[in-house]
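Residue numbers start at 1 and run along the sequence shown.
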Amino acid sequence: MSTTYGTFPGSRPRRLRTTPAMRRMVAETRLHPADLILPAFVREGISTPAPISAMPGVVQHTRDTLRKAAVEALEAGVAGIMLFGVPEEAKKDAAGTAGTDPDGILQVAIRDVKAEVGDELVIMSDLCLDEFTDHGHCGVLDASGRVDNDATLERYAEMAQVQADAGVHVVGPSGMMDGQVGVIRDALDQTGHEDVSVLAYTVKYSSAFYGPFREAVGSSLQGDRKTYQQDPANSRESMRELALDLAEGADMVMVKPALPYLDVLAKVADTVDVPVAAYQISGEYAMVEAAAANGWIDRDRAITETLTGIKRAGADMILTYWATEVARQL
């Protein structure tokens, strides 16, 4: 009996799925610890880590526990750590001055981590005002209460300088102000920090999935950020943002959130010749943890599946709160 090998029954794709070893050998996408970046929160004025209720297993660190978390990430093979500072409530003001104070919590945390791990772990910092403003927006406000783009850029330039002075390797401007990458790049270069990289939050949508993050950073936000973060309905707009950020000198680019925007991530990855990051954000983390806690899904498989999907879509780097845990497993 003759068999046509290009069609069934001669062609059987299941042959390559028969055993774990076979599936591992032919896998097209592989996760590696060096793909992962750990976001970490450090809070001023606490003596023990503060659990984040909406993100089981994630805490607001003290300075000491942040150092420990950085060492654990390094030992697990994680590539980098992205730091977010949470100041004391009394230090928040309309201009977010704690964010540019050389002795502010984020700058102190950068120095702490740098002293602990040196250049062995890539130290990244969130370059945004929302953690430090009493109104919770990512910039300074004008007389009508609207975020003033150009006045905010001046603050971002100051933030870039103090974070670089503290020893950061990469700054991550996340505020979605027009022109932010160019202004920050100029500020770094003019202050002798040419080697500090800019990871541009190029595609950052106004997402419902940021909810738990607001608790994590003690956000004071009233209202929303729809006038500066992107509309989830738009995709072409992301490519315009990408072109602008690259023209302004972005060294790396990011898509945030990750899972709801894998189509956008794939377009970005297919377009650029710089490294591409994706941020698996707090709401993505919380959904998996909540479903697993209720016995609805297999937690470990779901974590691996979501990260593999992000990598498959084109991410070179993934910011995830599971970074150290997954790196150990890998």
Side-chain angles (χ1 to χ4, degrees), residues 38-71 73 81-117 123-141 145 147-148 151-152 154-168 171-175 177 201 210-225 281-282 285-286 319 321:
L38 176 68
F41 308 101
V42 57
R43 180 175 166 184
E44 189 173 26
I46 58 173
S47 57
T48 57
I52 300 167
S53 63
M55 301 174 68
V58 181
V59 300
Q60 294 173 324
H61 284 287
T62 68
R63 289 175 60 187
D64 286 340
T65 64
L66 177 66
R67 285 173 174 262
K68 182 180 178 182
V71 170
I81 186 168
M82 174 66 80
L83 302 177
F84 296 85
V86 184
E88 294 179 328
E89 197 68 26
K91 293 185 179 179
K92 293 183 179 181
D93 58 26
T97 52
T100 49
D101 180 353
D103 294 319
I105 183 59
L106 183 52
Q107 285 68 254
V108 168
I110 293 168
R111 291 196 291 271
D112 284 344
V113 174
K114 187 67 176 285
E116 196 71 35
V117 300
I123 303 169
M124 306 177 171
S125 55
D126 182 55
L127 199 163
C128 194
L129 288 171
D130 60 318
E131 297 100 314
F132 307 102
T133 55
D134 54 12
H135 48 73
H137 277 287
C138 297
V140 295
L141 306 182
V147 175
D148 186 323
T152 298
E154 296 179 16
R155 301 288 294 123
Y156 286 1
E158 296 176 51
M159 291 190 81
Q161 181 177 345
V162 296
Q163 291 179 7
D165 287 344
V168 79
V171 294
S174 60
M177 296 298 119
Y201 282 60
Y210 296 134
F213 181 88
R214 304 273 164 82
E215 178 190 348
V217 297
S219 174
S220 305
L221 180 67
Q222 300 294 319
D224 58 51
R225 298 184 171 124
I281 67 169
S282 59
Y285 175 94
L319 287 83
Y321 300 99

**OP:** For residues Ala73 and Leu38, report the shortest heavy-atom separation together with the two atoms involved.
**Re:** CB-CD2, 4.2 Å
Subject >> Backbone of Gly167 reached by a side-chain donor or acceptor of Lys114 within 3.5 Å >> reply: yes
**OP:** Kindly give the heavy-atom pair with the smallest separation between Pro212 and Met55, and that separation in Å.
**Re:** CB-CG, 3.6 Å
Original post:
Of the non-hydrogen atoms in Met82 and Leu319, which two are nearest, and what is the gap between them?
Top reply: CB-CD2, 4.0 Å
Original post:
Any side-chain heavy atom of Pro49 sitting closer than 4.5 Å to one from Thr62?
Top reply: yes
Subject >> His61 side, atom NE2; Arg43 side, atom CZ - distance, nearest 0.5 Å >> reply: 13.5 Å
**OP:** Please examine the side chains of Phe84 and Ser125, heavy atoms only from C-beta on, and report whether any two atoms are closer than 4.5 Å.
**Re:** no
Original post:
Are any of the side-chain heavy atoms of Asp101 and Phe132 separated by less than 4.5 Å?
Top reply: no
Original post:
Which distance, rounded to the nearest 0.5 Å, do you find between the OG1 of Thr100 and the CD of Gln163?
Top reply: 10.0 Å
Original post:
How many angstroms lie between atom CD1 of Ile123 and atom CZ of Arg111, to the nearest 0.5 angstrom?
Top reply: 12.0 Å
Subject >> Ile46 side, atom CD1; Arg63 side, atom CZ - distance, nearest 0.5 Å >> reply: 12.0 Å
Subject >> Side chain to side chain, Leu66 and Phe41, heavy atoms closer than 4.5 Å >> reply: no
**OP:** With the side chain counted from C-beta on, respond yes when Met159 and Leu129 share a heavy-atom pair under 4.5 Å apart, and no when they do not.
**Re:** yes
Subject >> Taking every non-hydrogen atom, the tightest pair across Arg67 and Glu116 >> reply: NH1-OE1, 2.7 Å
Subject >> Distance-minimising heavy-atom pair for Thr133 and Ala94 >> reply: CG2-O, 3.8 Å
**OP:** Please work out whether the ring planes of Tyr321 and Tyr285 are parallel, tilted or perpendicular, with thresholds of 30° and 60°.
**Re:** perpendicular
Subject >> Stepwise side chain to side chain contact (heavy atoms under 4.5 Å, CB included) test for Val42 and Val108 >> reply: CA-CA 10 Å; Val42 57; Val108 168; over 6 Å; no
Original post:
Hey, does Asp148 have a side-chain heavy atom less than 4.5 Å from the side chain of Leu141?
Top reply: no
Subject >> Side-chain heavy-atom pair Leu106, Val162 within 4.5 angstrom cut-off >> reply: no
Original post:
Leu83 and side chain to side chain contact (heavy atoms under 4.5 Å, CB included): which partner among Val168, Val113, Asp126?
Top reply: Val113
Subject >> Heavy-atom closest contact (Cys128 atom, Tyr156 atom, distance) >> reply: SG-OH, 4.0 Å
Subject >> Sub-4.5 Å side-chain heavy-atom contact between Gln107 and Pro102 >> reply: no
